[in-house]
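For reference, positions follow the sequence shown, starting with 1.
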Amino acid sequence: MTSYNVALNFEDGVTRVIQCDDDEKVTDAAFRQKINLPMDCRDGVCGTCKCFAEKGTYEIEFYMDESMSDEEAEAGYVLTCQMIPESDCVLRVPTSSAACKTAPEAVEGEVLAVETLSETSFMTCPPRDPSL
């Protein structure tokens with residue numbers, strides 16, 4: 001099985017490289033590697049996932065004119081929900097890396113109790129906020 005490296009250059013200067021399998025769309029590969037690229041439709045209709053391909057060759061399966069014009073496609077813009085790399089690629093992602101959750105996030109808190117709801121479900125009970 002062939003796979004390609006796809007470098008995601010975010011607007012805040014962070015770069016993450018993902019592996020995209022043969023015939024795998026970039027958004028699917030990113031999600032599999034815990035990077036949530038912006039997207040709404042997954043069908044090439046909305047344009048939310050539009051990025052700029054700085055390097056590489058790829059196939060775009062489908063897109064509607066409302067999501068990306070032919071001029072944008074010719075200039076190098078891609079819809080990552082429809083982009084299938086055919087070589088290693090470099091993409092400019094027009095959002096911050098934090099918005100795409102590219103790093104583990106730590107959350108601190110206090111749990112007073114854990115209630116069993118079923119064999120597979122639990123409910124945690126945080127302390128009450130006196131200001132509420």
Quiz item: If you count the non-hydrogen atoms of other residues, nucleotides and ligands that lie under 6.0 Å from CZ in Phe52, is the total more than 12?
Solution: yes
Quiz item: Where is the tightest heavy-atom contact between Ala73 and Tyr63, given as atom of each residue plus distance?
Solution: CB-OH, 3.5 Å
Quiz item: Do Gln33 and Arg16 touch side chain to side chain, with heavy atoms closer than 4.5 Å?
Solution: no
Quiz item: For the residue pair Asp43 and Cys81, what are the closest heavy atoms and their distance?
Solution: N-SG, 4.0 Å
Self-check item: Flag side-chain contact, heavy atom, 4.5 Å: Thr80 against Met39
Solution: no
Quiz prompt | Cys49 and Leu37, any side-chain heavy atoms less than 4.5 Å apart | solution = no
Practice problem: Report whether Tyr58 and Ile18 are members of the same hydrophobic cluster (ILVMFWY, side-chain heavy atoms less than 4.5 Å apart, transitive linking). | Solution: yes
Self-check item: Same apolar cluster: Tyr4 and Val26, side chain cutoff 4.5 Å
Solution: no
Self-check item: Non-hydrogen side-chain atoms of Met68 and Asp70 separated by less than 4.5 Å
Solution: no
Practice problem: Side-chain contact test, heavy atoms from C-beta onward, threshold under 4.5 Å: evaluate it for Asn5 versus Gln19 and give yes or no. | Solution: yes
Quiz item: Would a 4.5 Å heavy-atom cut-off, applied to side chains only, mark Lys34 and Lys101 as touching?
Solution: no
Quiz item: What are the two closest non-hydrogen atoms of Pro85 and Glu24, and how far apart are they?
Solution: CD-O, 3.6 Å
Exercise. I would like to know whether Arg42 and Asp28 meet salt bridge (Lys or Arg N to Asp or Glu O under 4.0 Å); could you show each step before the answer?
Key: CA-CA 9 Å; Arg42 300 179 63 109; Asp28 295 334; 2.3 Å; yes
Practice problem: Please name the pair of heavy atoms, one in Cys89 and one in Met83, separated by the smallest distance, quoted to 0.1 Å. | Solution: SG-CE, 3.9 Å
Quiz item: Would you call Val78 and Ile60 a side-chain contact if the rule is heavy atoms closer than 4.5 Å?
Solution: yes
Quiz item: Minimum heavy-atom separation for Ala7 to Thr15, with atom names?
Solution: CB-CG2, 4.3 Å
